[in-house]
Amino acid sequence: MIRVQSEPLDSAQSLAAFQARAHNAGALASFTGLVRGGGVSKLVLEHYPGFTESEIARIEGEARKRFDLIDTLIIHRFGALAPGDAIVLVAALSTHRRAALEAVDFLMDYLKTEAPFWKREERADGSHWIEPRADDRIARSAWEESSES
Amino acid sequence: MIRVQSEPLDSAQSLAAFQARAHNAGALASFTGLVRGGGVSKLVLEHYPGFTESEIARIEGEARKRFDLIDTLIIHRFGALAPGDAIVLVAALSTHRRAALEAVDFLMDYLKTEAPFWKREERADGSHWIEPRADDRIARSAWEESSES
Amino acid sequence: MRVLFFGRLADVAGKRERQAPALETIAALRAWIDAEDAVLGEALRGKGVRIALNKSIVHDENASLSEGDEIAFMPPLSGG
Amino acid sequence: MRVLFFGRLADVAGKRERQAPALETIAALRAWIDAEDAVLGEALRGKGVRIALNKSIVHDENASLSEGDEIAFMPPLSGG
């Protein structure tokens with residue numbers, strides 16, 4: 001399931017609902033990305049309605065193809081967020097723990113580099129766009145290499 | 001925080017409480033192990049009170065030494081569990097997503113092979129002790145090799 | 001046709017959306033933007049800027065455009 | 001001294017706990033168990049069985065025991 005929403009993301013509640021659909025899964029892995037403090041008063045996420053959802057669906061499809069998964073959950077916020085707010089929740093259900101953990105890792109690496117969001121931090125000294133980090137691109141490239149082997 | 005308990009494990013609620021302590025963490029990774037169905041009517045976990053807790057504390061200490069973590073959470077059930085019940089919840093808070101995800105992976109690999117629990121499955125044809133799987137031991141050994149490099 | 005700007009490109013453009021006259025290719029659209037706002041035209045050639053045509057990534061700037069098309073200029077993404 | 005059996009070893013022993021007379025080493029304890037219950041003695045030598053002395057793993061079977069010690073025989077673990 002994919003949701004791109006401006007409403008607050010209650011990651012515990014969303015995980016509970018997702019886990020309830022577990023059926024015969026033995027493994028549930030999840031990752032929640034939170035807005036860090038450290039001088040940031042607000043984080044604003046812009047997205048491209050329609051395109052953002054379809055790109056996330058494409059990334060999810062890749063993960064489903066690559067790992068033996070029963071179900072996946074991706075919820076991503078847009079709009080204005082405060083420190084401590086959840087930006088993203090990714091979860092994977094599988095019969096095997098390795099598949100669930102690797103799928104979450106894979107999904108996060110791809111969301112970081114391919115999901116159409118743009119982030120602006122508001123700090124005391126003004127507003128700054130955040131560019132993707134080089135190590136995020138490297139992490140994603142590692143998956144491409146592993147698929148060729 | 002470590003808890004070894006016979007009470008049902010509400011992993012969503014425990015995660016919510018853990019996330020509330022996130023402070024400046026940007027990354028929360030978690031894994032929940034669930035009792036699989038497939039003919040199992042009951043899973044009984046035996047533990048060694050005192051020793052089980054201290055062994056889990058040792059494993060947690062290893063993870064805290066190895067990864068840059070803000071906090072960790074390990075909750076493990078003992079007693080009789082039904083299919084769908086959570087057996088174990090492991091979570092890690094970090095400023096970095098890679099550290100959080102790797103710590104959860106590491107903790108699960110070590111719990112699988114070093115946490116003093118013994119599992120008995122009850123099926124229509126009787127009761128069976130579950131021996132650890134060879135691939136669990138291999139997964140754990142991989143961490144030992146990576147610490148030497 | 002609608003031209004959309006995301007992230008810092010919207011700041012450079014001064015708006016998030018602009019109407020352009022009917023043009024045949026993305027290359028022609030770029031030329032029109034250059035004439036209207038050279039600073040924006042330059043920013044759209046920045047490192048990592050990607051283009052979506054009707055919500056699909058395009059790499060060929062000579063792909064032909066039609067009336068009603070939506071062209072988006074997107075700086076490097078940062079999800080998750 | 002208390003001798004504890006976990007997992008399938010408790011099934012073999014028929015109980016989870018047993019009192020043993022004061023013995024000087026784990027090797028001596030094994031000999032006593034062999035005499036009392038040879039099948040159990042054999043099971044305690046099974047692959048992967050570990051011994052904890054007062055809740056710490058011991059590898060040296062000649063480590064000396066004291067009165068009131070707790071010795072646990074544990075088959076391969078399976079947490080998580």
Side-chain angles (χ1 to χ4, degrees), chain A residues 2 4 9 31-36 43-60 74-78 81 86-90 104-121 126-137 139-140, chain C residues 1-20 23 25-27 29-30 33 37-61 63-80:
Chain A
I2 295 170
V4 177
L9 163 48
F31 181 86
T32 305
L34 304 159
V35 180
R36 267 177 254 184
L43 182 73
V44 181
L45 278 95
E46 197 181 330
H47 77 307
Y48 183 179
F51 183 60
T52 297
E53 289 84 351
S54 66
E55 286 293 284
I56 294 177
R58 188 177 56 75
I59 294 166
E60 186 198 36
I74 302 172
I75 307 179
H76 208 300
R77 287 283 308 271
F78 66 89
L81 284 77
I87 307 169
V88 63
L89 168 65
V90 162
V104 166
D105 196 8
F106 174 93
L107 285 166
M108 283 306 305
D109 280 346
Y110 273 72
L111 288 173
K112 280 274 172 193
T113 51
E114 305 208 345
F117 290 95
W118 296 274
K119 288 186 192 137
R120 189 162 49 80
E121 271 181 4
S127 173
H128 308 271
W129 288 101
I130 302 176
E131 296 277 310
R133 294 150 39 118
D135 59 353
D136 287 334
R137 283 193 297 271
R140 210 221 58 174
Chain C
M1 44 192 57
R2 293 171 73 202
V3 187
L4 308 180
F5 307 103
F6 289 92
R8 59 179 168 75
L9 297 177
D11 289 353
V12 179
K15 54 185 81 168
R16 302 180 54 154
E17 185 173 340
R18 212 159 160 158
Q19 287 294 324
L23 292 159
T25 63
I26 288 163
L29 174 63
R30 282 198 187 275
I33 292 170
D37 182 343
V39 173
L40 176 59
E42 190 58 32
L44 300 184
R45 289 186 178 82
K47 192 159 175 275
V49 172
R50 290 198 276 187
I51 302 171
L53 171 57
N54 299 324
K55 300 180 181 172
S56 291
I57 295 286
V58 280
H59 297 287
D60 178 8
E61 304 230 342
S64 60
L65 302 180
S66 311
E67 233 190 290
D69 276 354
E70 179 179 289
I71 299 103
F73 288 92
M74 303 181 293
L77 316 167
S78 174

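Labels below follow one simple rule: chain letters A, B, ... track the order of the sequence lines, proteins then strands, and each chain is numbered from 1.
The 12-atom threshold is exceeded at CD of Gln19(C), counting heavy atoms of other residues, nucleotides or ligands nearer than 6.0 Å.
Of the listed residues His47(A), Glu55(A), Met108(A), the one with more heavy-atom pairs under 4.5 angstrom with chain C than any other is His47(A).
Of all the heavy atoms in Ala52(C) and Tyr48(A), the pair that sits closest is CB-CE1, 4.3 Å. The minimum heavy-atom distance linking Glu131(A) with Pro76(C) is given by the pair OE1-CG, 3.6 Å.
Note that the CD atom of Glu114(A) and the CZ atom of Arg50(C) stand 6.5 Å from one another [nearest 0.5 Å]. Put simply, CZ on Phe117(A) and CG on Leu77(C) are 10.0 Å apart, with the number rounded to the nearest 0.5 Å. Rounding to the nearest 0.5 Å places CD1 of Ile130(A) at 13.5 Å from CZ of Arg8(C).
Contacts of Asp11(C) with chain A are made by side-chain atoms alone, with heavy-atom separations under 4.5 Å and no backbone atom involved.
Contact annotation: the side chain of Ile57(C) approaches that of Phe51(A) to within less than 4.5 Å [non-hydrogen atoms, C-beta and beyond].
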